[in-house]
Amino acid sequence: MERTDYLVSGYLPTIGIECHVQFNTKTKLFTGVSNESKEAAPNTLIGPLCVGLPGTLPVLNEAAVERAIRAGIALNAEIAHFTKFDRKHYFYPDLPLGYQISQFDKPIVGEGAIDIHIDGQVRTVRIERAHLEADAGKLTHPNGADYSLADYNRVGTPLLEIVSRPDMHSAEEAKAYVRELYLRMLYAGVSDCDLFHGNIRFDVNVSVSSSFDSLGTRTETKNLNSFRNVERAVRYEIDRQIRELEAGNTIIQETRGWDDTKQETFSQRSKEDAQDYRYMPDPDIPPLEISDTVIETIRKSMPHTPTDVRTVLGKAGLKADQIETIVDYPEAGLTMIDIADKHDNQTLSTIANWVTGEILRLVKEGRFEYSRLTDAQEGLVTLAAMVDANQLSSTTAKELIEPILNNNANPEALAKERNLLQMSDESELVLVVEKVLADNPKAVADAKADPKAIGFLVGQVMQATAGKANPKVVSELLRKHIL
Ligand code: MN
């Protein structure tokens, strides 16, 4: 895309995104307290370090470091050989320590880049860095109350903050980027990626400029937790900033929030006096050296990526929107890769069509989950082979999908039991064909004059066999007899 293609009323929008991913480690980043806080009652997952009791010391969680490296590899990024932790000071009731343990100048993940996918087109967004940090607590301000509630369960949860370069120029690109980050973290297995529970949250930096040589003043809209809200907030900010500039006003550098009810951003706090976090190296946590051996061992253990799924399905000739539907569900994507390893493209594309058609419908109706697709893989492969061998029509095959998925049914036995097997045996069909020809002399004459008229006779044979005749074999037989 040319930059002129992105212009909105003569302004070029520019977007950079920060994303916080919550790692699915068993325990917190610097203490052995449980990190599985989704169902826990408030303030039940707390250790001395979480509430900043004097004399407590942090110990780095190896599993979080391992996940950060996996995430970095999934972002095609450099992994640092030397990394350290810093204290980021601010005072707020959600932060009992009085500082956040984060990373300042030596993040664990350096520069990277990922491809984003929009309507079958590919664009690249660069990653600036990604650093590990401990999350803060959660404050609730009950409506009308003169107090706030603090829940410290989330204090110390391991987060990876992924910072992009300002490489996006439209709301669609911002949405495609956050979806791609989500997919990469999901496939890498580092996070539950539950958007509803805020396992992955996005801050969008948006500016508009009437010149290609300089960026406009940016605003940051914080804590968006869905792809759709990212898209809407970016679109809203682009329009709002252009409106302000056109009215002769200036854009104020500020932090904004997203009002989901009003579908608009609102001002939270001005950033005029730049925050001074007084970053300093955390003297309680020794710097970390990561060897090439460690990085390469993790690299070799990485599961398949969304890119692998796209490559495999693209080779089988699937359409872009079908591919993206499958990519959205890692279990489906990984099953397709396994099928591609073991079977031919015909089998792969037949099953892919079911996965994005009949099976997707069952998933949406709550009658199946893609996480169980691997168990049904063999049954589906057999079913596809039966269609390929003309033992089943593709329409009747669909009737067998649900029992295969949910009851582990044997496709061959089930097709026999339900009397669905196609008649493809010529010696059997030829008798029916001969009878139909004898009964329909007028149609035979028509077909002799115009081969297209053979359709009527095919229909008669299908009727005579209660739909079980293989239409392809039937029309070949008819042609042989008539022409
Ligand atoms: Mn952060």
Side-chain angles (χ1 to χ4, degrees), residues 18-38 40-72 79-110 129-139 150-163 185 188-192 197-201 277-291 294-295 298:
E18 287 157 32
C19 165
H20 286 89
V21 181
Q22 184 178 319
F23 283 161
N24 55 1
T25 49
K26 283 201 184 72
T27 56
K28 296 186 179 189
L29 186 51
F30 294 109
T31 168
V33 175
S34 171
N35 183 41
E36 285 153 27
S37 64
K38 216 178 273 180
N43 296 313
T44 53
L45 304 178
I46 293 179
L49 184 77
C50 304
V51 286
L53 293 189
T56 53
L57 287 172
V59 178
L60 182 57
N61 181 347
E62 188 180 350
V65 172
E66 188 251 0
R67 277 170 180 70
I69 296 171
R70 291 166 75 89
I79 308 300
H81 289 98
F82 176 88
T83 184
K84 70 178 186 42
F85 290 87
D86 302 270
R87 294 181 175 182
K88 177 183 179 180
H89 297 88
Y90 67 91
F91 294 93
Y92 205 65
D94 65 359
L95 192 71
L97 270 180
Y99 55 86
Q100 180 187 30
I101 306 177
S102 183
Q103 299 195 289
F104 184 52
D105 55 342
K106 296 284 177 194
I108 186 162
V109 176
R129 59 180 279 166
H131 59 260
L132 260 175
E133 60 188 23
D135 206 351
K138 193 173 132 196
L139 297 181
D151 177 7
Y152 290 157
N153 280 352
R154 216 177 58 189
V155 171
T157 282
L159 298 178
L160 188 73
E161 179 177 336
I162 304 167
V163 184
M185 295 304 113
V190 299
S191 170
D192 293 344
H197 284 98
N199 287 173
I200 176 161
R201 336 189 263 271
Y277 292 120
R278 308 247 162 175
Y279 275 104
M280 58 172 269
D282 194 313
D284 293 336
I285 310 164
L288 193 65
E289 284 187 35
I290 304 170
S291 70
V294 166
I295 298 169
I298 294 175

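In this text, all values refer to a predicted model and were calculated from it rather than measured experimentally. Residues take their numbers from the sequence shown, with the count starting at 1.
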Taking atom CG of Leu57 and atom CD1 of Ile285, what is their separation to the nearest 0.5 Å? 9.5 Å
Taking the six-membered ring for Trp, are Tyr90 and Tyr277 parallel (under 30°), tilted (30 to 60°) or perpendicular (over 60°)? perpendicular
Glu289 CD to His81 NE2 distance, which is reported to the nearest 0.5 Å: 10.0 Å
Nearest 0.5 Å, please: how far is CD in Gln22 from CZ in Arg154? 7.5 Å
Shortest non-hydrogen pair, Leu139 vs Ala150, comes out as CD2-CB, 3.7 Å
Could you check whether Lys28 pairs with Asp135 (Lys NZ or Arg NE/NH1/NH2 to Asp/Glu carboxylate O, under 4.0 Å)? no
OG1/Thr157 to CG/Leu45 distance, rounded to the nearest 0.5 angstrom? 8.5 Å
So, for Gly52 and Pro96, which heavy atoms are closest and what is the spacing to 0.1 Å? N-CB, 4.4 Å
Tightest non-hydrogen contact, residues Ala71 and Val190, listed as N-CG1, 4.2 Å
Working for side-chain contact (heavy atoms from CB on, under 4.5 Å), residues Gln103 and Glu133: CA-CA 7 Å; Gln103 299 195 289; Glu133 60 188 23; over 6 Å; no
Can you see which heavy atom on Leu95 is nearest to which on Gln100, and at what distance? CD2-N, 3.8 Å
Could you please spell out the steps behind the side-chain contact (heavy atoms from CB on, under 4.5 Å) verdict for Ile101 and Leu29? CA-CA 10 Å; Ile101 306 177; Leu29 186 51; over 6 Å; no
Drop me the distance from Ile298's CD1 to Ile290's CD1, to the nearest 0.5 angstrom. 8.0 Å
Exactly one of Cys50, Pro48, Pro42 should register a side chain to side chain contact (heavy atoms under 4.5 Å, CB included) with Ile46. Which one does? Cys50
Quick check: closest heavy atoms across Gly189 and Arg67, and the distance to 0.1 Å? O-NE, 4.5 Å
Between the main-chain N or O of Leu53 and the side-chain N or O of Thr56, is there a donor-acceptor pair closer than 3.5 Å? yes
Hey, mind stepping through Phe85 and Phe30 against ring-ring contact (aromatic ring centres under 6.0 Å, His included) and telling me if it holds? CA-CA 11 Å; Phe85 290 87; Phe30 294 109; 5.5 Å; yes
Among side-chain atoms of Thr25 and Asn35, is any donor-acceptor pair under 3.5 angstrom? yes
Is the shortest side-chain heavy-atom distance between Leu132 and Phe23 below 4.5 Å? yes
Under-4.0 Å salt bridge between Asp86 and Lys84: yes
Can you confirm whether the side chains of Arg129 and His131 place a donor and an acceptor under 3.5 Å from each other? yes
Measuring from Lys138:NZ to Asn153:CG, what's the distance to the nearest 0.5 Å? 9.0 Å
Which atom names give the shortest non-hydrogen contact between Gly156 and Ala134, and what distance separates them? CA-CB, 3.9 Å
Arg70 (side chain) donor-acceptor with Ala188 (main chain) under 3.5 angstrom: yes
